[in-house]
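Here it is: the structure, laid out below.
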Amino acid sequence: MSDDQKVFTRSRPLEPGPRYGILSGFEPGTRTLEAGFRIAPPFKPLPVDIVFEKDVPVTLRDGVTIHVDVFRPAGAQEVPVIVAWSPYGKGQGTSASVMGIFGMVGLDNGIVSGLAKFEGPDPAYWCARGYAICNPDIRGVVDSEGDSVVWDRQEGRDCYDLIEWLAVQDWCTGKVAMSGTSYLAVSQWFTAAEQPPHLAAINPWEGVSDVYRDLVMRGGMPDTGFAEQLQNNSYWGKGQREDIVTEAERFPLMNDLWENKIPQFDKITVPAYVVASYSNTLHTAGTFRAWRRMGSEDKWLRIHNSQEWPDYYDEANTEDLRRFFDRFLKAEDNGWEQTPRVRYSLLDLEGGDRVNIPADEFPPAEVTSAKYYLDGRSRTLVTKAPADEATAGYTAGSNPDTVSFVTRFDQETVLVGYPKAHLWVEAEGSDDMDLFLLVQKLDAYGTPLQQFTVPNQGAMIQDVTERGASILRYKGSDGRLRVSMRHLDKALSTEDVPAHSFDQIEKLSPGEVVDIEIDLLPVGLTFHPGEQLRFVVSSRSLLGTMMPGNREYIPANSGKHIIHTGGDRASYLQLPVKTA
């Protein structure tokens with residue numbers, strides 16, 4: 001069983017320091033924060049009186065007690081409540097770490113009140129509009145009892161219990177929702193799959209949906225730099241915390257432990273407003289996966305063109321979310337159902353992005369899959385498979401350790417949907433290959449085009465995103481695969497999105513040529529006449545780490561990587577081309 005496979009290590013108490021905020025101390029009680037109250041100078045004042053219930057105990061089904069902070073409008077009216085579930089301390093909104101993250105990406109701390117959980121809804125806005133906010137310290141975090149876990153069904157059960165407790169409080173209408181980005185999005189998949197009766201709507205704003213495939217073993221490679229940062233810099237508490245980095249080392253194949261960290265998407269049936277982007281190398285694949293597989297009939301998708309934090313706290317986007325919650329938590333007849341089921345963006349990378357393009361589905365109906373074949377002789381992508389076989393390759397660790405293929409578009413071309421690669425590959429001098437793929441947009445002169453996803457574009461961000469911090473600068477659609485993990489999961493794979501089972505290892509024999517399929521992150525890209533597309537295959541990550549300070553993954557590569565093209569081994573890149 002997965003519980004037997006879990007590995008735990010001792011947590012550390014949350015003490016004064018970078019992650020300790022003004023409200024981090026344990027001080028149970030209720031007080032009213034009057035309109036105009038300001039928690040600290042950088043933050044905005046409250047627009048209304050708010051009742052603040054601090055460190056309220058809530059007992060879960062197994063007897064563990066967690067503590068929550070509740071912010072609600074002053075007065076006797078009953079209100080719905082929005083839950084922000086994560087291991088980030090409920091008092092960290094004023095901490096140096098959270099303020100520093102805002103500063104790094106170029107957000108003014110004055111856009112929030114400091115009462116919000118990191119990546120969560122701000123009580124200053126929501127209480128003024130007739131909602132309560134619940135910020136829990138989850139199992140094992142800060143002063144809550146138990147041992148903390150990382151993104152699994154235990155969290156769904158725990159949040160179920162909190163939702164049902166909230167629903168019967170005398171100030172609550174019985175309607176509960178969830179909102180937030182990153183971790184706060186992931187927890188919504190797990191909670192909604194448990195189907196708590198009083199959960200009325202969810203708003204996952206970018207988050208992984210499969211810990212194995214998105215976080216610790218993307219492409220079958222043990223790239224755990226971000227996971228290490230997550231577990232070492234969160235989950236402060238008095239008990240134990242789960243050690244997923246050690247788990248990934250002990251259990252490199254899919255098993256019960258990892259299956260338990262995949263939500264049961266078909267059981268997610270509540271109304272959902274999902275927000276995604278093409279550019280988040282941690283969250284993009286998982287958000288689109290959950291969107292495709294969730295069972296909700298009432299689900300909406302918006303794909304933005306920036307990064308989750310500036311997008312989440314954008315005033316217009318918050319108002320848009322309020323319309324969704326007003327409809328499903330307050331039963332307001334506000335016309336929300338007329339909102340397009342999909343609103344997607346198209347990146348131009350030269351200042352001409354388009355956003356909020358309406359569609360009934362993703363990819364849009366007018367998109368078709370087109371095969372661009374690799375030609376190893378000319379190093380081009382062509383629309384007809386070359387008759388003659390040819391190879392192209394590189395020696396791992398050499399310079400260059402990449403091989404690329406380009407095509408030039410003669411007319412306006414729009415790509416929107418799911419790219420994939422179908423390659424014939426061979427390892428010379430090795431029995432395995434870690435392959436990294438990238439689809440880049442080039443201008444008419446062959447210069448790669450990139451785009452920052454955050455408002456800050458200063459020298460520091462230039463530096464940290466030059467060879468890493470891929471979440472903060474978009475350089476194209478990437479994919480990866482350890483070739484020995486190439487076995488496809490027939491039940492999960494589709495024609496556009498291959499999915500690997502990751503439950504078996506198939507090493508390569510000398511001289512063996514195998515065909516593999518690799519999914520790349522979904523795209524929305526516009527190419528103007530004369531601009532080019534470059535498809536890159538490499539023995540190393542072309543984007544580097546996900547965030548600054550992450551430990552970089554070193555691929556397990558040696559020997560020569562050979563890509564076969566043409567003839568009976570016609571490798572191709574499949575692209576989603578909008579035809580109308």
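Just so it is clear, the values below take in all heavy atoms, side chains as well, and ignore hydrogens, waters and symmetry mates. In this chain, numbering begins with 1 at the start of the sequence shown. Since we're looking at a predicted model, the values are computed, not measured.
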Side-chain heavy atoms of Trp171 within contact of Val81, under 4.5 Å: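 A side-chain contact exists here, since the closest heavy-atom pair is under 4.5 Å.
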Short side-chain donor-acceptor distance under 3.5 Å, Arg241 and Ser148: no
Option passing side-chain hydrogen bond (donor to acceptor under 3.5 Å, both in side chains) with Ser179 (candidates Trp85, Tyr312, Tyr273): Tyr312
side-chain contact (heavy atoms from CB on, under 4.5 Å) evaluation trace for Tyr474 with Gln450: CA-CA 6 Å; Tyr474 182 62; Gln450 306 174 2; over 6 Å; no
Check against side-chain contact (heavy atoms from CB on, under 4.5 Å), Leu543 and Leu438: CA-CA 9 Å; Leu543 300 182; Leu438 183 65; 4.1 Å; yes
Heavy-atom side-chain proximity of Asp152 to Lys6 below 4.5 angstrom: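 When only atoms from C-beta onward are counted, Lys6 and Asp152 do touch, with a gap below 4.5 Å.
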Which atom of Asp214 lies closest to which atom of Met546, heavy atoms considered: O-CE, 4.3 Å
Parallel, tilted or perpendicular, as decided by the 30° and 60° cut-offs, for the rings of Phe265 and Trp189: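 Judged by the thresholds at 30° and 60°, the geometry between Trp189 and Phe265 is perpendicular.
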Non-hydrogen side-chain atoms of Tyr553 and Phe226 separated by less than 4.5 Å: no
Gln229 to Pro548 - nearest heavy-atom pair and separation: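 Between these two residues, the closest heavy atoms are OE1-O, 3.8 Å.
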Spatial distance of atom CD (Gln92) from atom OG (Ser86) [nearest 0.5 Å]: 8.0 Å
Within 6.0 Å of CZ in Arg38, more than 12 heavy atoms from elsewhere: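 Buried by this count: over 12 neighbours within 6.0 Å.
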Spacing of CD belonging to Glu308 relative to CD belonging to Glu119, to within rounding of 0.5 Å: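 That separation rounds to 5.5 Å.
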Donor-acceptor pair, side chain of Arg153 and main chain of Ile262, under 3.5 angstrom: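 Answer holds: yes.
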Spacing of Tyr313 atom OH and Leu107 atom CG [to the nearest 0.5 Å]: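 Rounded to the nearest 0.5 Å, the OH-CG separation comes to 9.0 Å.
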Over 12 non-hydrogen atoms of neighbours within 6.0 angstrom of CZ in Arg323: yes
Straight-line distance of Asp519 CG to Arg480 CZ, nearest 0.5 Å: 11.5 Å
Side chains of Thr32 and Asp49, donor plus acceptor under 3.5 Å: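 No donor-acceptor contact under 3.5 Å links the two side chains.
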Atom pair CZ/CG of Arg139 and Leu60 - distance to nearest 0.5 Å: 5.5 Å
Asp326 versus Asn334, side-chain donor and acceptor atoms under 3.5 Å: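 Per modelled atom types, Asn334 and Asp326 side chains form no pair under 3.5 Å.
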Partner of Trp151 by ring-ring contact (aromatic ring centres under 6.0 Å, His included), out of Tyr212, Tyr183, Phe190: Tyr183
Side-chain donor-acceptor contact under 3.5 Å, Asp311 with Asn317: yes
Validation row: Asp69, Phe71 side chains within 4.5 angstrom (heavy atoms): yes
Qualifying residue for salt bridge (charged side-chain N to carboxylate O under 4.0 Å, His left out) with Asp137, from Lys238, Lys117, Lys90: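 Only one of Lys238, Lys117, Lys90 forms a salt bridge (charged side-chain N to carboxylate O under 4.0 Å, His left out) with Asp137, namely Lys90.
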Flag if over 12 foreign heavy atoms under 6.0 Å of CD, Glu332: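 Yes, enclosed.
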Pairwise side-chain contact, Ile82 with Met178, heavy-atom cut-off 4.5 Å (strictly under): no
Under 3.5 Å side-chain donor-acceptor pair for Glu228 and Asn550: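 On atom types as modelled, these side chains do not qualify, holding no pair under 3.5 Å.
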Check against side-chain contact (heavy atoms from CB on, under 4.5 Å), Leu46 and Ser113: CA-CA 7 Å; Leu46 300 185; Ser113 67; 4.0 Å; yes
Any donor-acceptor N or O pair under 3.5 Å, side chains His304, Glu206: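 Side-chain D/A pair, His304 to Glu206: present.
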Nearest non-hydrogen partners of Ile268 and Ala192, listed with the distance: CG2-CB, 3.7 Å
Under 3.5 Å: donor-acceptor pair, side chain of Glu145, backbone of Thr65: yes
Exercise: do Arg551 and Thr224 side chains pair donor with acceptor under 3.5 Å: yes
Value rounded to 0.5 Å, distance of CG in Asp108 from CZ in Phe43: 10.0 Å
Under 3.5 Å donor-acceptor, Gln195 side chain and Lys267 backbone: yes
Side-chain touch Tyr278/Leu521, heavy atoms, less than 4.5 angstrom: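 Not touching, per the 4.5 Å side-chain cut-off.
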Expected output: side-chain Ser11 to main-chain Gly140 donor-acceptor under 3.5 Å: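 Checking the backbone N and O of Gly140 against the side chain of Ser11, no donor-acceptor pair under 3.5 Å is found.
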Donor + acceptor pair across side chains of Asp243, Gln231 (<3.5 Å):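 Short answer, yes.
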For Asp147, side chain to side chain contact (heavy atoms under 4.5 Å, CB included) partners two or more places apart: Phe8, Gln240
Minimum heavy-atom distance between Arg129 and Arg322, given as atom pair plus value: CD-CD, 3.4 Å
Criterion side-chain contact (heavy atoms from CB on, under 4.5 Å) on Ser97 and Ile101, from CA distance to verdict: CA-CA 6 Å; Ser97 64; Ile101 287 174; 5.5 Å; no
Any donor-acceptor N/O pair, Thr453 side chain to Leu472 backbone, under 3.5 Å: yes
Closest approach of Ala201 to Phe328 (non-hydrogen atoms, all atoms of both residues):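 For Ala201 versus Phe328, the nearest heavy atoms are CB-CB, 4.2 Å.
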Check: Thr465 side chain, Arg473 main-chain N or O, donor-acceptor pair, under 3.5 Å: no
Side-chain heavy-atom pair Met294, Val274 within 4.5 angstrom cut-off: yes
Greater than 12 external heavy atoms within 6.0 Å of Glu315's CD: no
N/O donor-acceptor pair under 3.5 Å between Thr94 side chain and Ile22 backbone: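 Looks like yes, one N/O pair under 3.5 Å.
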Under 3.5 Å donor-acceptor, Asn456 side chain and Met104 backbone: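 Yes; at least one donor-acceptor contact below 3.5 Å.
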Validation row: Leu23, Phe52 side chains within 4.5 angstrom (heavy atoms): yes
Side-chain (Ser209) to main-chain (Arg289) donor-acceptor, under 3.5 angstrom: no
Heavy-atom neighbours of Lys175 NZ exceed 12 at 6.0 Å: no
Leu162 versus Cys134, closest heavy-atom pair with distance: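 The pair with the smallest heavy-atom distance is CD2-SG, 4.1 Å.
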Side-chain donor or acceptor of Lys299 paired with backbone N/O of Thr269 under 3.5 Å: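 Checking the backbone N and O of Thr269 against the side chain of Lys299, no donor-acceptor pair under 3.5 Å is found.
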Asp158 side chain to Gln154 side chain, donor-acceptor N/O pair below 3.5 angstrom: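 Yes, side-chain donor-acceptor contact under 3.5 Å.
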Summary of ring-ring contact (aromatic ring centres under 6.0 Å, His included) pairs that have at least one residue in residues 113-139, sequence neighbours excluded: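 Those involving residues 113-139 are Tyr88-Phe118, Phe118-Trp309, Trp126-Tyr131, Trp126-Phe325.
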Side-chain H-bond candidate by donor/acceptor type, Asp256 with Gln5, under 3.5 Å: no
Salt bridge present between Arg72 and Glu53 (N-O < 4.0 angstrom):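 Yes, charged N to carboxylate O under 4.0 Å.
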